[in-house]
Amino acid sequence: MTENSNMPDWDDLTDIWKQSPEVDMDKMARHARFVWWRMRINFAIEVVLCLGGMALFGWHLVTGDAADKVGGTALSIAMLVLCGLGLWTSCFIRAGAWGQADGTAQSLVDLQIRRARSSVRYMVVNNWGCGLGLLTFIYIYWSLIERYGAIDHPELTVANYLMVGTILFFLLFPFFTIPFLKRKRDEIARLEALAQQLVDEGDRPEDSPEDSPEGT
C-alpha cells in the first residue's frame with residue numbers, strides 16, 4: 001500500500017506497463033484526485049440549487065402567489081417537480097463513483113471506469129433534461145406572449161432574444177455532447193481492457209519451486 005490512497009502499487013504493473021505503454025498510471029491517479037474534489041463541489045452546487053428551487057416554488061404554491069406569476073400554478077408545480085428530479089438525478093448519476101482507490105492499480109482503474117460511466121450518465125441525463133427544459137421555456141414564452149398580448153410588445157423585446165437563445169441552446173446542446181460521449185465511451189473501453197489485463201496478471205499462477213532455476 002502506498003502512502004497516498006490514490007496512487008497505485010507499481011509492483012502490480014510490471015508486465016502491464018510493457019503491454020500498455022500509453023497508460024500513464026501516475027497521471028490517472030492525479031486525475032482521480034482532481035475528480036474527487038470536482039464531484040463534491042458540483043454535487044454541493046446542484047443540491048443547493050435544487051433545494052433552493054424547491055423552496056421557492058413550494059413557497060409560491062403554499063402562499064398562492066404562483067397564480068400571479070408567469071406560467072401560473074401549473075408552471076410552479078412543474079418547476080417544483082423538476083427541481084425534485086434534479087436532486088434525485090444528482091445522486092443517481094454518481095452512484096458507485098464516490099469512493100477512492102485503495103492504493104492498488106486494479107482499484108484505481110476500476111474507480112476510473114465507474115467515474116467515466118458516471119460522466120456518461122451525467123451527460124445523457126442532461127440531454128434528456130434539455131428536452132424538459134425546452135418544453136418548459138416554450139411554455140414560459142407562450143405565457144409571456146399571452147400576458148402582453150403580442151410577441152412584438154415593447155416589454156418583450158429583451159425577453160424575445162433571451163427566450164430564442166435559450167430554446168436554441170436546449171435544441172443544440174445534445175448535438176454538442178456527441179464528441180464528449182464518444183470520447184468517454186472509448187475511454188471506458190480502454191480502461192476495461194486494462195482492468196482485464198490486471199485481472200489476468202493476478203490470476204496467473206506463480207512459478208513453482210520445481211520450475212524455477214533454483215529447483216533444477
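Note that the structure is predicted; figures quoted are calculated from it, not measured. Side chains are part of it too, since the values below use all heavy atoms of this structure and drop only hydrogens, waters and symmetry mates.
Using modelled atom types and a 3.5 Å distance limit, the side chains of T177 and N127 yield a donor-acceptor pair.
Residues V124 and F43 share a hydrophobic cluster, clusters being chains of Ile/Leu/Val/Met/Phe/Trp/Tyr side chains in contact below 4.5 Å. Note on W142 and L168: same hydrophobic cluster, where clusters join Ile, Leu, Val, Met, Phe, Trp and Tyr whose side-chain heavy atoms are under 4.5 Å apart, directly or indirectly. Cluster annotation: L144 and I151 are assigned to the same hydrophobic cluster (Ile/Leu/Val/Met/Phe/Trp/Tyr, side-chain heavy-atom contacts under 4.5 Å, transitive). If you chain together hydrophobic residues whose side chains sit under 4.5 Å apart, F169 and F137 fall into the same group. With hydrophobic clusters built from ILVMFWY side chains whose heavy atoms lie under 4.5 angstrom apart, W128 does not share a cluster with F92.
Residues Y148 and H153 come closest through the heavy atom pair O-CD2, 3.4 Å. Residues M163 and Y141 share a closest heavy-atom pair of CG-CD1, 3.7 Å. A150 approaches L156 most closely through the heavy-atom pair O-CD1, 3.3 Å. Closest non-hydrogen pair, L75 versus T136, comes out as CD1-CG2, 3.9 Å. Closest non-hydrogen pair, R185 versus V120, comes out as NH2-CG1, 3.8 Å.
Here E187 does not pair with R115 in a salt bridge; the nearest charged N to carboxylate O distance is not below 4.0 Å. For the pair K182 and D186, the salt-bridge criterion is met [side-chain N within less than 4.0 Å of a carboxylate O].
For the atom pair CD1 of I93 and CE of M123, the computed distance is 9.5 Å after rounding to the nearest 0.5 Å. For the atom pair H60 NE2 and K69 NZ, the distance stands at 4.5 Å (nearest 0.5 Å). Note: K184 NZ to R117 CZ = 13.0 Å, rounded to the nearest 0.5 Å.
Residues forming a ring pair (Phe, Tyr, Trp, His ring centres under 6.0 Å) with F180 (at least two apart in sequence, or on another chain): none. The side-chain contact (heavy atoms from CB on, under 4.5 Å) test applied to L134 returns I138, I167, F170, L171, not counting sequence neighbours.
Under the side chain to side chain donor-acceptor pair (under 3.5 Å) rule, D110 has a single partner from R114, Q106, Q112, which is Q106.
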Let me check something: any side-chain donor-acceptor pairs from residues 76-91 under 3.5 Å, sequence neighbours excluded? List them with distances.
residue, atom, partner, partner atom, Å
T89, OG1, L85, O, 3.1
T89, OG1, G86, O, 2.9
S90, OG, E46, OE1, 2.8
S90, OG, G86, O, 2.9

